[in-house]
Amino acid sequence: MRHIVITGGPNLDYAAIKSILRMDDRIICADGGALHAQKMGLKPDKLVGDLDSILPETLAWIQDYHIEMEVYSQDKDMTDSEICLRQIPSTEPIVLICSLTGRPDHVMTNLMLAGQLSRENYRLTVTDGSTWVYPLHGPAHFRLNKSMWRTSRERAGLAISFIPLFSEVMGVTTLGLKYKLQNAGLMPGSSFSVSNSITSNAREVGVDFSEGVMLVMVTPEV
């Protein structure tokens with residue numbers, strides 16, 4: 001089973017998100033994420049949160065469909081998103097659908113949380129429908145599924161960034177990218193590994209590294 005966790009925040013690409021959903025996905029909404037599910041015509045399996053950011057009409061919609069609710073106090077030690085994610089077994093795949101352009105503290109927290117969960121061996125991917133983020137924990141062997149971007153023109157317009165978290169990422173070797181890395185070290189706080197691009201003749205695109213935690217971010221260049 002794959003788990004889809006939908007959070008609140010602006011600028012989700014509904015069409016792109018719906019195109020990757022499967023019939024057997026289990027959909028969990030973190031509080032205000034229920035509004036996104038409602039707008040996409042999705043019936044969640046569960047709503048989790050303190051209900052501080054859900055609209056009354058969306059809450060009424062949840063109740064009308066008798067969707068399971070797990071309500072928490074606002075005086076809690078984790079965000080609604082983390083509560084949702086940590087309820088899911090680490091062995092099962094998760095897609096976290098969240099805003100990557102909204103409140104900076106929310107965006108940063110979700111990305112750092114994704115990195116921490118990868119360090120705990122969770123199988124997690126993050127997206128707003130436009131940008132895809134792959135949290136990896138070394139030793140890692142990652143290959144990009146290029147079929148998600150169907151034409152060579154779409155693939156040529158992608159920016160591939162490697163964002164190290166927590167500590168230095170060691171032994172980084174890239175494949176199919178314009179700016180090659182071979183057994184390199186990447187330090188948090190450096191812009192060195194931002195905005196790489198796919199070579200026109202690349203058969204495979206990816207990265208291997210031996211140690212550390214890193215986000216691979218794939219997004220259309222602006």
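Everything numeric in this text was worked out from a predicted model, so none of it was measured. Starting from 1, each residue takes its place in the sequence as its number.
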Quiz prompt | Lys76 bridged to Asp50 by N-O distance under 4.0 Å | solution = yes
Quiz item: Does a side-chain N-to-carboxylate-O contact under 4.0 Å join Arg123 and Glu92?
Solution: no
Point-to-point distance, once rounded to the nearest 0.5 Å, from [atom1] of [X] to [atom2] of [Y]:
{"X": "Cys29", "Y": "Leu35", "atom1": "SG", "atom2": "CG", "answer": "9.5 Å"}
{"X": "Cys84", "Y": "Leu96", "atom1": "SG", "atom2": "CG", "answer": "9.0 Å"}
{"X": "Ile17", "Y": "Ile4", "atom1": "CD1", "atom2": "CD1", "answer": "9.5 Å"}
{"X": "Ile94", "Y": "Gln87", "atom1": "CD1", "atom2": "CD", "answer": "11.0 Å"}
{"X": "Ile83", "Y": "Ile28", "atom1": "CD1", "atom2": "CD1", "answer": "12.0 Å"}

Quiz prompt | Closest heavy-atom pair and its distance - Ala202, Val205 | solution = CB-CG2, 4.0 Å
Exercise. Return the minimal non-hydrogen interatomic distance between Pro93 and Met1, and the atom names on each side.
Key: CD-O, 3.4 Å
Do side-chain atoms of [X] reach the backbone of [Y] as a donor and acceptor pair under 3.5 angstrom?
{"X": "Ser161", "Y": "Ser195", "value": "yes"}
{"X": "Thr174", "Y": "Leu177", "value": "no"}
{"X": "Asp25", "Y": "Ile27", "value": "no"}
{"X": "Asp31", "Y": "Asp52", "value": "yes"}
{"X": "Thr79", "Y": "Glu82", "value": "yes"}
{"X": "Arg26", "Y": "His3", "value": "no"}
{"X": "Lys39", "Y": "Ala34", "value": "no"}
{"X": "Ser118", "Y": "Gly115", "value": "yes"}
{"X": "Thr58", "Y": "Ile54", "value": "no"}
{"X": "Lys18", "Y": "Met40", "value": "yes"}

Practice problem: Measure up the Tyr65 and Trp61 rings against each other and bin them: parallel (under 30°), tilted (30 to 60°), perpendicular (over 60°). | Solution: perpendicular
Exercise. Consider only side-chain N and O atoms of Asn11 and Ser99, and report whether a donor and an acceptor are under 3.5 Å apart.
Key: no
Quiz prompt | Polar contact flag, side-chain donor to acceptor under 3.5 angstrom, Ser147-Asn145 | solution = yes
Quiz prompt | Check: His36 ring centre within less than 6.0 Å of Tyr14 ring centre | solution = yes
Quiz prompt | Neighbour count above 12 (heavy atom, 6.0 Å) for Tyr179 OH | solution = no
